[in-house]
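Reading through the structure tokens given below for one structure.
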Amino acid sequence: MNVFRFMWHNHGQVMDLTLEHLRLVGFSTLFAMIIGIPLGIVIAHRPRFNKPVLASANIIQTIPSLALFGFLLPVPWLGERSDRLAILALTLYALLPIIRNSFTGIRGVDAAVVEAGRGMGLTESQLLFQVELPLAASVILSGVRVAVVISVGLATIAAAIGAGGLGEFIYSGLAMVDNTVILAGAIPAALLALVADFGVGWLERRLAPR
Amino acid sequence: MQPAATPVIEFRDVSYRVAGTQVLSGFNLLVEGGETVVLLGRSGSGKTTSLKLVNRLVTPTSGEVLVKGVPNGDGDLIRLRRSIGYVIQDVGLFPHFTVERNIGLVPKIEGWSEERIRARTQELLHMVGLDPEIASRYPNQLSGGQRQRVGVARALAADPEILLMDEPFGALDPLTRDELQREFLLLQQRLHKTVVFVTHDLREALRLGGRIALMEAGRLVTVLSPGEFLQSTDPLASAYVRAFGEGLESAANRGTS
């Protein structure tokens with residue numbers, strides 16, 4: 001129970017690092033959604049592009065995270081601030097599940113429903129916003145949920161390049177060979193992942209089509 | 001009807017080819033205002049494609065389709081589609097909308113007032129024989145027959161002159177189908193829409209059609225009235241009559257009983 005005593009004594013720092021962590025995950029997920037959802041929709045409508053886009057996102061996913069942080073360090077503007085860099089790297093990792101689920105979600109909408117809508121005279125944007133997106137929403141959100149959970153874990157590695165977050169405790173703990181400090185970073189990170197998983201999962205069920 | 005009236009729908013030498021397959025070749029057909037023309041044929045005969053040519057879900061490779069005398073590729077596509085009611089076999093009701101929103105969708109995007117939409121929805125539910133109480137339900141809470149009725153109500157919502165129906169009763173059990181066919185006839189007696197109805201069921205064609213357009217392998221074989229169809233010496237028509245067996249005359253007598 002040393003861990004909790006440690007966390008209590010350093011509660012200010014725990015809070016700060018947790019907020020930093022949330023910031024990294026929040027921004028990267030947001031950016032990944034802004035890029036990934038439209039991209040997923042486009043490739044669902046233009047099957048020609050789906051292979052190259054999904055393959056690229058897949059390749060990004062296979063780059064070891066520590067290496068990706070390292071690769072991005074020399075990039076101007078980005079390298080100046082390690083949190084920018086961390087957010088970019090996390091965004092890249094979050095893309096695959098979001099693109100893939102947006103693609104699958106839109107593709108999964110009953111063709112008869114879309115055809116009926118088109119035949120009734122809905123414009124393409126009315127079809128997208130009133131029919132396809134609402135029906136695909138829960139599938140898209142489950143991609144977001146996977147992305148968030150991955151990001152919460154990955155963001156701990158961002159501390160290696162000085163981007164802050166709960167990884168700071170983990171790295172200091174590793175350096176000091178002190179499990180208490182490692183756990184002070186790992187436990188809140190795990191809790192964050194659980195809360196995010198539950199929260200987005202709840203939203204996903206709310207938006208599930210009947 | 002004046003003999004000189006423009007046909008509501010006219011197929012002019014329409015062909016449609018996709019991915020190397022000739023789906024429709026040299027298709028010519030006139031549909032007059034207020035009549036029900038049934039496109040009868042087996043799967044792959046091109047009947048559904050013909051229907052989709054009317055609201056331009058399909059664009060002809062050659063030839064043209066005229067709606068109220070105007071080639072349907074000329075004007076605003078969205079306007080064209082909103083002026084044509086469309087009912088398909090899988091109904092295609094929006095699963096995330098209530099019955100009321102499904103029916104009121106086109107009126108809503110056309111900018112009708114909430115009040116007017118509500119009144120229209122109630123009127124339509126009544127017209128297709130549904131309890132107005134189901135307005136707040138979702139499609140998955142309805143039976144197949146109820147869903148199909150909602151589909152018809154939705155197609156009628158903005159009071160289109162033309163109704164396209166693609167095997168609307170195909171997936172229903174025989175009793176419900178019979179009920180809906182009967183109601184369709186009663187409805188049509190009141191509304192006099194111009195209807196193009198696709199089916200592969202000869203009995204349904206005889207019962208509902210003013211004229212039957214028999215199709216095979218992307219070609220129009222012949223156009224006959226139900227009475228003529230039964231007497232026809234056309235090999236395909238008589239093959240149909242034989243395949244469906246006894247009791248067709250009563251269907252052709254348009255029994256609403």
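By convention in this document, chain letters (A, B, ...) are assigned in the order of the sequence lines, proteins followed by strands, and residues within each chain are numbered from 1.
- Heavy-atom pairs under 4.5 Å with chain A were tallied for B:Val106, B:Asn55, B:Ile109; the largest tally goes to B:Ile109.
- Checked by atom type, the side-chain pair B:Thr199/B:Glu204 shows a donor-acceptor distance below 3.5 Å.
- Proximity to chain A involves both the backbone and the side chain of B:Ile78, based on heavy atoms less than 4.5 angstrom apart.
- Among residue pairs with one or both ends in residues 34-43 of chain A, none qualify as salt bridge (Lys or Arg N to Asp or Glu O under 4.0 Å); sequence neighbours excluded.
- Taking 4.0 Å as the cut-off between side-chain N and carboxylate O, B:Glu110 and B:Arg116 do not count as a salt-bridged pair.
- Proximity to chain A (any heavy atom under 4.5 Å) is restricted, for B:Arg154, to the side chain, taken from C-beta onward.
- Annotation: salt bridge (Lys or Arg N to Asp or Glu O under 4.0 Å) contacts involving residues 143-164 of chain A, sequence neighbours excluded, comprise A:Arg145-A:Asp197, A:Arg145-A:Glu204.
- In this structure, the portion of A:Gln126 lying under 4.5 Å from any heavy atom of chain B is its side chain and not its backbone.
- Comparing B:Arg79, B:Lys52, B:Arg81 by how many heavy-atom pairs each has under 4.5 Å with chain A, the most go to B:Arg81.
- No part of B:Leu80 comes within reach of chain A, as not one of its non-hydrogen atoms sits under 4.5 angstrom from that chain.
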Start with the C-alpha distance between B:Phe197 and B:Phe169, add both sets of side-chain angles, then the distance that settles side-chain contact (heavy atoms from CB on, under 4.5 Å), and finish with yes or no.
-> CA-CA 10 Å; B:Phe197 192 108; B:Phe169 312 140; 4.0 Å; yes

